[in-house]
Amino acid sequence: MGQDYEQFAANVKKKTGIDLTLYKEAQMKRRLTSLYEKKGFHSFQDYFQGISRDQDLMNELLDRMTINVSEFYRNYKRWEVLETKLLPKLLEKNKRLKVWSAACSTGEEPYTIAMILSHFLPLSQVQILATDIDENVIARAKLGVYPERSLNEVPSEIKTKFFTKEGGYYKISEEIKKTVTFKKHNLLADPYGGPFDLIVCRNVLIYFTEEAKSILYKKFSSALKEDGIFFVGSTEQIFNPSIYNFKTADTFFYQKI
Ligand SMILES: C[S@@+](CC[C@H](N)C(=O)[O-])C[C@H]1O[C@@H](n2cnc3c(N)ncnc32)[C@H](O)[C@@H]1O
């Protein structure tokens with residue numbers, strides 16, 4: 001690791017609690033270098049002095065470190081598998097599912113889970129925990145207002161039922177909003193609660209080193225009930241699920257043994 005970046009990572013950890021060394025280095029370094037150069041800094045050291053003085057620069061750094069893109073029903077076919085194959089089995093055992101959407105970004109993912117669960121249960125019985133490291137995205141998730149492009153994959157009856165169009169934006173219904181509790185949580189540092197019936201953690205593990213991922217899989221597995229389901233992103237296959245007490249339930253779904 002370059003010394004300049006290494007020192008920067010140590011300083012950022014001290015200041016924010018976020019450990020950059022657990023994120024894939026080349027990718028993160030590239031993202032942050034292009035950001036500081038754009039701002040007129042010449043080294044990570046120089047840049048750290050900048051962010052220490054200026055909260056706006058700090059917020060920008062946090063924004064760049066955390067990649068926030070999301071959308072409703074991202075990879076639609078996977079959500080269909082959850083709805084038609086896996087949820088009915090989970091619900092056979094227990095109608096009050098404990099669900100966690102980890103690294104939920106601006107809320108599209110936990111709200112998608114609520115919309116799917118609404119096919120099985122009254123929404124008053126649905127309770128989803130949604131967490132992210134980034135307070136800015138949590139604030140936006142709580143607001144629940146989305147541009148049209150976030151809704152590309154939303155089935156039309158769901159769109160009619162749970163969204164109202166206001167100007168160019170779509171506002172999510174209060175009924176859906178009420179099912180989700182948002183909290184700040186760092187997957188790399190904070191305790192995982194549980195036990196959960198379903199944990200959805202998609203499109204964040206790809207940014208972490210292999211060592212960090214392996215620790216996280218263990219923690220997710222321990223936070224699940226027996227037979228509970230772990231749903232990952234469509235580039236995030238686990239190669240040796242049995243090491244973590246998982247068996248493959250379907251592509252990108254793992255069941256706790
Ligand atoms: C690409 S978004 C994924 C959003 C959603 N899960 C999806 O698949 O559409 C990645 C999210 O991971 C969050 N994140 C990054 N590092 C994290 C960490 N250490 N703990 C918790 N969340 C983190 C970012 O803030 C960002 O909102």
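Heavy atoms only: backbone and side chains are in, while hydrogens, waters and symmetry mates are out. Whatever order the structure lists ligands and atoms in, that order sets their numbers, starting from 1.
Thr131 and Trp100 share a donor-acceptor pair across their side chains, judged by distance under 3.5 Å alone. Side-chain contact, Glu109 with Ser101: a donor N or O sits under 3.5 Å from an acceptor N or O. A donor and an acceptor atom, one from each side chain of Ser234 and Glu236, are nowhere located under 3.5 Å apart.
Listed by chain and residue number, Asp4, Ser43 satisfy the side-chain contact (heavy atoms from CB on, under 4.5 Å) test with Gln45 (two or more places apart in sequence, or in another chain). For Glu210, the side-chain hydrogen bond (donor to acceptor under 3.5 Å, both in side chains) partners at least two apart in sequence or on another chain are Lys213.
Listed by chain and residue number, the protein contacts of ligand 1 are Tyr23, Thr66, Ile67, Asn68, Val69, Ser70, Arg74, Ala103, Ser105, Glu109, Asp132, Ile133, Asp134, His185, Asn186, Leu187, Leu188, Arg202, Asn203, Val204, Phe208 (heavy atom within 4.0 angstrom).
Within the structure, every pair that satisfies the ring-ring contact (aromatic ring centres under 6.0 Å, His included) test and touches residues 45-64, not counting sequence neighbours, is listed here: Phe8-Tyr47, Tyr36-Tyr47, Phe41-Tyr47.
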